[in-house]
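Working notes, beginning with the structure itself.
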Amino acid sequence: MNKANTNKHENYEILNLIGYGLAKFDMDFVREFSFKTKQEFFLDLVNTSIAKTVGTIKNRQDLFDPFFDNARKGWWQKGNTYIPRKILIDSLND
């Protein structure tokens, strides 16, 4: 394993998909998984070990918020740093 990959969360890819879904679809995304609140959804992701903390999930959403027309600003200061992740996920729809 190269050194660049050692800092990635073990569920890096799925967390990117979850963050993207939350940023783009908000509560519609949460309801698709039969949860009534984001908190329930987040706690389930932690309890099933997909994420280590609720903050991990919120941070992943923050990465994608600036790319979508929603009320959250997310990590807008990062500019287009995370655009390659968004482009990759967008391409999954093709």
Side-chain angles (χ1 to χ4, degrees):
M1 180 182 295
N2 72 36
K3 192 171 186 174
N5 289 333
T6 59
N7 291 332
K8 284 187 180 179
H9 188 283
E10 65 182 290
N11 294 320
Y12 175 83
E13 290 85 5
I14 191 73
L15 288 169
N16 280 334
L17 292 171
I18 290 167
Y20 178 100
L22 288 166
K24 186 171 183 177
F25 303 110
D26 197 40
M27 283 303 298
D28 288 338
F29 185 76
V30 172
R31 286 186 205 104
E32 279 296 312
F33 294 93
S34 301
F35 291 96
K36 293 180 182 168
T37 68
K38 278 187 181 178
Q39 189 64 20
E40 285 179 6
F41 182 58
F42 293 167
L43 290 174
D44 188 70
L45 294 171
V46 170
N47 290 335
T48 56
S49 299
I50 292 171
K52 294 183 185 204
T53 66
V54 168
T56 300
I57 304 158
K58 289 180 179 181
N59 288 342
R60 205 54 62 111
Q61 179 179 358
D62 285 342
L63 296 176
F64 292 100
D65 276 335
F67 303 119
F68 298 103
D69 186 21
N70 62 42
R72 296 175 307 276
K73 289 185 180 182
W75 289 346
W76 60 270
Q77 307 91 327
K78 299 281 187 175
N80 287 330
T81 303
Y82 299 106
I83 197 76
R85 293 182 198 188
K86 181 189 180 296
I87 291 169
L88 175 65
I89 295 171
D90 285 342
S91 75
L92 298 175
N93 294 322
D94 296 340

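One finds the CG atom of Leu45 at 8.0 Å from the CZ atom of Phe33 (value rounded to the nearest 0.5 Å). The OG1 atom of Thr48 lies 10.5 Å from the CG atom of Leu43; values are rounded to the nearest 0.5 Å. We find the CG-CG distance between Asn16 and Leu63 to be 7.0 Å, quoted to the nearest 0.5 Å. Here CD1 of Ile50 is found 10.5 Å from CD of Glu10. Values are rounded to the nearest 0.5 Å. A distance of 10.5 Å separates CZ in Arg31 from OG1 in Thr37, rounded to the nearest 0.5 Å. Once rounded to the nearest 0.5 Å, the distance linking CD1 of Ile89 with OH of Tyr82 reads 13.0 Å.
Nearest heavy atoms, Phe29 versus Leu17: CZ-O, 4.3 Å. Residues Asn70 and Ala23 approach most closely at ND2-O, 2.9 Å, considering heavy atoms. What you find for Phe64 and Gly19 is that their closest heavy atoms are CD1-C, 3.7 Å.
Separation of the Tyr20 and Phe68 ring centroids falls under the 6.0 Å cut-off.
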*asked:* Using side chain to side chain contact (heavy atoms under 4.5 Å, CB included), reason through Met27 and Val30 one step at a time and then give a plain yes or no.
replied: CA-CA 5 Å; Met27 283 303 298; Val30 172; 4.1 Å; yes

*Output, in order, the C-alpha distance, side-chain angles, deciding distance and verdict of side chain to side chain contact (heavy atoms under 4.5 Å, CB included) for Arg60 and Arg85.*
CA-CA 11 Å; Arg60 205 54 62 111; Arg85 293 182 198 188; 4.1 Å; yes

*After noting the C-alpha distance and the side-chain angles of Lys58 and Leu22, does the key distance pass the side chain to side chain contact (heavy atoms under 4.5 Å, CB included) rule?*
CA-CA 9 Å; Lys58 289 180 179 181; Leu22 288 166; over 6 Å; no

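Following chains of ILVMFWY side-chain contacts shorter than 4.5 Å, one cannot reach Tyr12 starting from Val54, and the two form parts of different hydrophobic clusters. No continuous path of hydrophobic side-chain contacts links Ile18 to Leu88 [ILVMFWY only; heavy atoms under 4.5 Å].
Remark: Glu40 CD is packed, more than 12 non-hydrogen atoms of other residues, nucleotides or ligands lying under 6.0 Å away.
Side chain of Asn11 to backbone of Ser49: a donor-acceptor contact under 3.5 angstrom is found.
Using a 4.5 Å heavy-atom threshold, the side chains of Thr56 and Leu15 count as touching.
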